Amino acid sequence: PSFSNTTPLSDAKIKNSDITYTLSENITSGFVRYTRASGAEDTNSPHTYTLGQSDVTELQSGAVRTITDPFTLVNGAIYTIELTGTDTTSNTGTETVANITFDTTSPVFNINTPSNSATVNTSNLSYDLSKTITSGSVIYTRTGGTAADNVTYNLSGTELKVGTSKSLSTFPTLVNGAIYTIVIRGTDAAGNTGNATVTDITFNTTPPEFTGITPITGASINSSNVSYSLSVNITSGSVTFTRTGGTEDGSSPHIVTLSGTALTGGVHPYLSNLPTLVDGAIYTISFSGTDAANNTGTASVTNITFDNSNPGFTNITPISDTSVNTSNVIYSLSENIVSGYVAYYLKSITTGASNYVYQLSSTELQSGTNKSLLTPPTLTNGAIYNIVISGTDAAGNNGNATLSDITFDTTPPEFTILLPDKGANVNISDIYYTLTKNIVSGTVTYTRTGGAAAGNISYNLSGTELNK
């Protein structure tokens with residue numbers, strides 16, 4: 001008699017002691033024997049099962065016979081299986097199956113990343129596998145978020161081998177915004193199965209966005225503060241100030257690490273820790289943020305001039321405590337400004353007089369010397385003013401100067417000659433006169449109009465002669 005269709009085959013791995021076979025003819029007796037050959041010790045080896053002891057058909061030909069798990073074997077032991085049968089004429093046939101490993105240890109998966117409730121931007125897994133398997137898969141089952149189909153990825157090649165920190169060789173395509181449960185499972189050569197699961201995994205490939213950034217490109221600033229809006233929460237981020245021109249900055253780049261509430265989605269009107277920038281330096285300000293899924297978003301503004309110097313008004317006329325007959329102001333300006341004014345604040349009580357503010361414009365806002373007002377305002381004769389000239393530059397710095405007690409006077413002084421009378425004959429050059437107001441300078445001019453030849457004479461008034 002002979003045995004065919006025998007399982008397990010030589011070199012197989014098994015997790016039970018099942019035997020299947022087909023007999024070529026009926027036999028009168030026979031047995032199946034498992035004998036340990038190597039591997040783990042089995043003190044009960046050999047294990048022998050007498051054919052027909054449970055079912056007489058085990059001795060009959062014509063069909064595949066199965067003996068279900070007749071022995072208790074030892075995990076890790078390696079056996080030789082012997083099937084022997086004797087027919088009615090005492091002929092004996094034997095079938096031997098060698099190197100059969102009994103293995104009841106399930107493969108163990110440990111998922112390193114992602115962890116439960118994680119947000120990720122890749123479908124890759126990092127996993128440990130306790131033993132080599134013959135087949136396996138990763139199943140992504142959508143449980144929430146954006147609508148998506150379930151995805152099954154079949155492991156192959158080195159993905160099936162024992163090892164640590166293993167990853168997928170290709171990454172399955174998932175749907176942005178969907179939430180998944182991920183199960184990795186596998187079956188070894190003996191048919192043992194193992195699996196591991198992580199839940200509530202959000203797949204997110206949308207990078208965070210920085211918007212509403214101030215300052216804007218090309219701006220001048222007098223503070224290193226910036227404002228921005230974040231589209232989502234981020235786990236890390238920074239704002240970097242890099243000098244690109246202007247005054248040297250030996251500390252560039254200045255990196256401000258975002259933390260706390262600065263990482264949350266929404267509007268952020270200021271930085272909590274401001275860098276110290278250099279007056280006159282030009283910077284690029286770069287924003288970077290990374291979310292929980294490891295998506296990174298960036299934004300930048302360029303050509304940002306840091307200017308914390310106030311515009312200066314100098315060489316101003318009139319000066320304080322003087323009288324003038326024009327409302328014009330002459331001045332030198334240290335830098336261009338974006339707005340400015342000359343304010344005439346009334347100091348005296350003068351009928352018809354009031355405060356007046358003149359807005360600077362056009363070339364009046366440009367840096368330079370000996371600048372004057374394009375259209376000086378009309379003031380009230382006899383009124384006394386304090387004049388303030390003020391300007392603000394593109395960075396928001398303000399400079400001003402004040403001229404105090406400026407008397408606006410357009411009335412000319414009047415002389416009345418008392419002596420000599422017209423046509424009089426005199427023997428002295430004295431002149432008697434009245435004066436309507438004090439003057440700062442004056443002359444008396446004697447012009448020959450006839451008689452003896454004589455040169456013209458000019459006499460400069462001084463002292464009390466200048467008083468009314």
Side-chain angles (χ1 to χ4, degrees), residues 7-20 38-40 66 68-69 73-79 81 97-205 292-294:
T7 61
L9 302 176
S10 291
D11 300 316
K13 296 180 185 295
I14 60 175
K15 65 176 182 177
N16 56 56
S17 59
D18 291 357
I19 297 289
T20 63
S38 61
T66 300
T68 302
D69 209 14
L73 304 181
V74 175
N75 185 41
I78 300 173
Y79 297 89
I81 304 174
V97 181
N99 197 33
I100 303 300
T101 301
F102 186 69
D103 176 10
T104 58
T105 302
S106 296
V108 176
F109 290 92
N110 177 60
I111 299 177
N112 302 315
T113 58
S115 57
N116 287 328
S117 302
T119 300
V120 299
N121 65 354
T122 174
S123 58
N124 191 26
L125 299 179
S126 171
Y127 62 96
D128 303 332
L129 180 56
S130 64
K131 64 191 301 188
T132 297
I133 55 179
T134 55
S135 64
S137 62
V138 181
I139 300 171
Y140 302 80
T141 303
R142 176 195 171 270
T143 58
T146 306
D149 293 330
N150 299 333
V151 176
T152 298
Y153 174 84
N154 292 316
L155 301 176
S156 63
T158 57
E159 297 167 338
L160 300 168
K161 303 297 184 182
V162 61
T164 59
S165 299
K166 301 174 65 64
S167 63
L168 306 184
S169 56
T170 58
F171 307 154
T173 301
L174 303 182
V175 174
N176 186 37
I179 301 172
Y180 295 89
T181 289
I182 303 175
V183 178
I184 185 170
R185 59 181 49 161
T187 302
D188 65 15
N192 302 298
T193 61
N195 64 77
T197 302
V198 287
T199 61
D200 197 28
I201 305 301
T202 300
F203 186 67
N204 174 24
T205 57
N294 208 35

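Every value quoted in this text rests on a predicted model; they were computed, and no experiment measured them.
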Interatomic spacing from [atom1] in [X] to [atom2] in [Y] - rounded to 0.5 Å:
X	Y	atom1	atom2	answer
Ile81	Ser17	CD1	OG	8.5 Å
Leu160	Thr187	CG	OG1	10.5 Å
Asn110	Leu129	CG	CG	10.5 Å
Leu155	Leu125	CG	CG	9.0 Å
Asp128	Ser165	CG	OG	5.5 Å
Ser123	Leu168	OG	CG	7.0 Å

Taking C-beta and beyond as the side chain, do [X] and [Y] meet within less than 4.5 Å on heavy atoms?
X	Y	answer
Ser169	Thr158	no
Asp149	Val151	no
Ser117	Ile201	no
Tyr79	Val97	no

- Message: With side-chain contact (heavy atoms from CB on, under 4.5 Å) as the criterion, how do Val138 and Ile182 come out once you've worked through the C-alpha distance, each side chain's angles and the decisive distance to 0.1 Å?
- Response: CA-CA 7 Å; Val138 181; Ile182 303 175; 3.6 Å; yes

- Per side-chain contact (heavy atoms from CB on, under 4.5 Å), Arg185 is matched among Thr193, Ile139, Ile133 by Ile139

[X]: partners by side chain to side chain contact (heavy atoms under 4.5 Å, CB included), with sequence neighbours left out:
X	value
Thr132	Lys161, Val162
Thr173	none
Thr104	Lys15, Asn75, Phe102
Asn116	Val198, Thr199

Of the non-hydrogen atoms in [X] and [Y], which two are nearest, and what is the gap between them?
X	Y	answer
Val120	Pro114	CG1-CB, 3.7 Å
Val175	Phe203	O-CD2, 3.4 Å
Ser130	Ser106	OG-O, 4.2 Å
Ala196	Phe109	CB-O, 3.5 Å
Ala148	Ala178	CB-CB, 4.0 Å
Lys166	Glu159	CE-O, 3.7 Å

- Query: Are any side-chain N or O atoms of Asn195 and backbone N or O atoms of Ile184, one a donor and one an acceptor, separated by less than 3.5 Å?
  - Reply: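 Flag not set: sc Asn195 to bb Ile184 has no pair under 3.5 Å.
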
- Look only at the side chain of Ser10 and the backbone of Ala98, and say whether a donor-acceptor pair between them is shorter than 3.5 Å.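 Between the backbone of Ala98 and the side chain of Ser10 there is a qualifying donor-acceptor contact (under 3.5 Å).
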
- Message: When you compare the side chains of Asn294 and Asn121, does any donor N or O come within less than 3.5 Å of an acceptor on the partner?
- Response: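 Absent: no donor and acceptor within the cut-off.
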
- Does the side chain of Thr68 pick up a donor-acceptor pair with the side chain of Asp18 at under 3.5 Å?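 Their side chains do not contain a donor-acceptor pair, so the 3.5 Å distance test is not met.
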
- Query: What pairs of residues pass the side-chain hydrogen bond (donor to acceptor under 3.5 Å, both in side chains) test when at least one of them lies in residues 133-148, not counting sequence neighbours?
  - Reply: none

- Who are the salt bridge (Lys or Arg N to Asp or Glu O under 4.0 Å) partners of Lys131, not counting sequence neighbours?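 Only Asp103, Asp188 meet the salt bridge (Lys or Arg N to Asp or Glu O under 4.0 Å) criterion with Lys131.
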
